[in-house]
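What follows is a set of notes on a single structure, which appears directly below.
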Amino acid sequence: MPTAALALGVFAAIRVGGAAVLALAAWWAGRSPVRVLGHSWDSVWYLAIARHGYGRTQIWPVTGLVQSDYAFFPLYPALVRLAGGGEWGGLLVSWTAAAVAAVGVYRVGELVAGRRVALLLVALWAVVPHAVVLTLAYTEPLLVALASWSLYALLRERWLLAASLALVAGLTRPTGIAVAAAVSVTALHALLVRRSRAPGVWAAGLLAPAGWLAYVVAVGAARDDVAGYFAVQRQWGSRFDGGRATLSKVWEVLGGGPVALATAVSALLLGTAVLLAVLLFADRPPLPLLVYTAVLLVIAVGGAGYFESKPRFLLPAFPLLLPLAAVMARARPRSAVVVTAGLAGLGYAYGVYLLVFAKMPL
């Protein structure tokens with residue numbers, strides 16, 4: 001069996017298992033499994049956009065938040081609409097994108113670190129606690145599908161393909177700018193440092209951020225405000241504060257005060273992500289992976305949004321798992337299987353806790 005197919009099989013087995021556990025837990029709790037998987041939290045907004053287009057605003061008098069659906073980028077709801085709309089349409093798009101993403105993650109890992117590490121990279125990405133999102137009607141699977149294949153094309157110096165995928169990724173969610181940054185910075189490095197004369201380098205560097213910029217400009221035009229998109233994000237409580245809010249929340253957790261399990265786990269995962277970033281950067285992987293991962297990390301840690309969502313924002317940062325995959329690749333196969341199975345079990349339990357019992361936003 002080709003190793004890419006094996007990686008896809010491993011990914012599918014892990015995530016189908018997680019979806020089954022979540023569905024059974026939902027059924028046991030008297031809730032519709034399809035509603036839990038396809039109509040939870042942000043999925044509600046995406047499905048509404050797919051059905052009715054943009055224009056919905058929700059006001060919360062207690063908190064003062066004014067939530068506009070312009071905060072959500074258009075590609076995913078457009079694809080859901082093409083898939084027939086509704087929960088099943090959202091799940092079809094997400095599950096298909098997750099499969100494409102798994103193969104893309106494998107291809108990037110294979111190119112950088114070899115087949116064994118790449119296979120373990122896919123397995124680890126499938127079992128991290130917030131990988132439950134990969135089986136929900138959310139945008140992360142679509143972003144990673146586009147990001148991984150854009151990075152793969154960039155590593156192979158297929159400039160225009162990488163830029164085109166980055167452009168589309170920029171229409172997926174705010175963190176899609178990380179893909180554009182990887183392409184543009186790598187193109188600039190090729191031009192200024194390597195003195196590259198490869199065709200398409202200039203065009204790739206300019207084309208990559210066009211999708212993200214187009215949506216930001218479109219929201220500004222719709223709201224008659226050049227900075228309209230960023231105003232929408234501030235109304236949702238999302239802004240960049242350099243990490244002050246994140247550090248404050250982490251300090252609260254470390255202080256031993258009464259915090260929700262999801263808050264404590266989020267703090268632990270953020271700390272782990274920073275540690276893995278240090279290990280990754282010490283290994284000096286290719287520039288595109290460094291830029292892509294660094295931008296995602298800066299957005300997740302530096303943003304002052306809903307704290308418990310930050311690990312989900314880092315789910316697309318699959319290169320962070322390369323150092324751990326490399327360590328596991330040197331271990332005995334049985335040990336790697338046991339570790340992966342254990343992490344999968346913990347991830348399943350955490351997903352059930354978030355979506356069925358705690359009903360925490362993701």
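- With 3.5 Å as the limit, one finds a donor-acceptor pair spanning the side chains of T263 and E308.
- No hydrogens or angles considered: a donor-acceptor pair under 3.5 Å links the side chains of Y76 and S94.
- Contact check for L280 versus P319: side-chain heavy atoms found under the 4.5 Å cut-off.
- Between V36 and L136 the shortest side-chain heavy-atom distance does not fall below 4.5 Å.
- The shortest distance between side-chain heavy atoms of P288 and V183 does not fall below 4.5 Å.
- Here the side chains of F313 and L296 are not in contact, with every heavy-atom distance at 4.5 Å or above.
- Other residues, nucleotides and ligands contribute at most 12 non-hydrogen atoms within 6.0 Å of the CZ atom of R115.
- In the hydrophobic cluster analysis, where Ile, Leu, Val, Met, Phe, Trp and Tyr join through side-chain heavy atoms closer than 4.5 angstrom, Y138 is grouped together with L134.
- You'll find the side chain of F73 stays beyond 4.5 Å of the side chain of V219, heavy atoms only.
- Remark: aromatic rings of W236 and Y306 are distant, center separation not under 6.0 Å.
- Here Y229 and Y70 keep their ring centres 6.0 angstrom or further from each other.
- Applying the 6.0 Å contact sphere to CZ of R51 captures more than 12 heavy atoms from other residues, nucleotides or ligands.
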key: Intermediate values then yes/no, side chain to side chain contact (heavy atoms under 4.5 Å, CB included), E252 and V259   = CA-CA 8 Å; E252 180 184 342; V259 295; 3.6 Å; yes

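- Hydrophobic clustering (ILVMFWY, side-chain heavy atoms < 4.5 Å, transitive): L167 and L213 are in one cluster.
- Within the 4.5 Å cutoff, the side chain of L37 has no heavy atoms near those of the E87 side chain.
- The environment of R81 atom CZ is sparse: at most 12 non-hydrogen atoms of other residues, nucleotides or ligands sit within 6.0 angstrom.
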ask   = R156 and L111: side chain to side chain contact (heavy atoms under 4.5 Å, CB included), yes or no, with the steps?
value = CA-CA 9 Å; R156 301 292 297 270; L111 199 60; 3.7 Å; yes

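- Under a 3.5 Å cut-off, the side chain of T96 and the backbone N or O of L92 do form a donor-acceptor pair.
- Of the residues listed (L6, V105, V10), the one engaging V122 in a side chain to side chain contact (heavy atoms under 4.5 Å, CB included) is V105, and it is the only one.
- A distance of 9.5 Å separates OG of S238 from CD of Q67, quoted to the nearest 0.5 Å.
- Look at R116 and E110 and you find no salt bridge, because none of the NZ, NE, NH1 or NH2 atoms lies under 4.0 Å from a carboxylate O.
- When atom types are taken as modelled, the side chain of S309 and the backbone of R312 share no donor-acceptor pair closer than 3.5 angstrom.
- A continuous path of ILVMFWY side-chain contacts below 4.5 Å connects L47 to L82, so both sit in one hydrophobic cluster.
- Among all heavy-atom pairs drawn from L270 and V301, the shortest one is CD2-CG2, 4.4 Å.
- In the displayed structure, W202 atom CH2 is contacted under 6.0 Å by at most 12 heavy atoms of other residues, nucleotides or ligands.
- Checked by atom type and distance alone, the side chain of D69 pairs as donor or acceptor with a backbone atom of G55 at under 3.5 Å.
- Relative orientation of the W95 and W88 rings is perpendicular, given thresholds of 30° and 60° on the angle between their planes.
- Panel note: side chain D283, backbone P285; no donor-acceptor pair is recorded below 3.5 Å.
- Both the sub-6.0 Å distance and the 45° axial angle are not jointly satisfied by R107 relative to the ring of W149.
- Inter-residue side-chain proximity for I14 and Y348 is flagged as met; some heavy-atom pair is nearer than 4.5 Å.
- Inter-residue side-chain proximity for V128 and L314 is flagged as unmet; no heavy-atom pair is nearer than 4.5 Å.
- Residues R173 and T175 have side chains that bring a donor and an acceptor to within less than 3.5 angstrom of each other.
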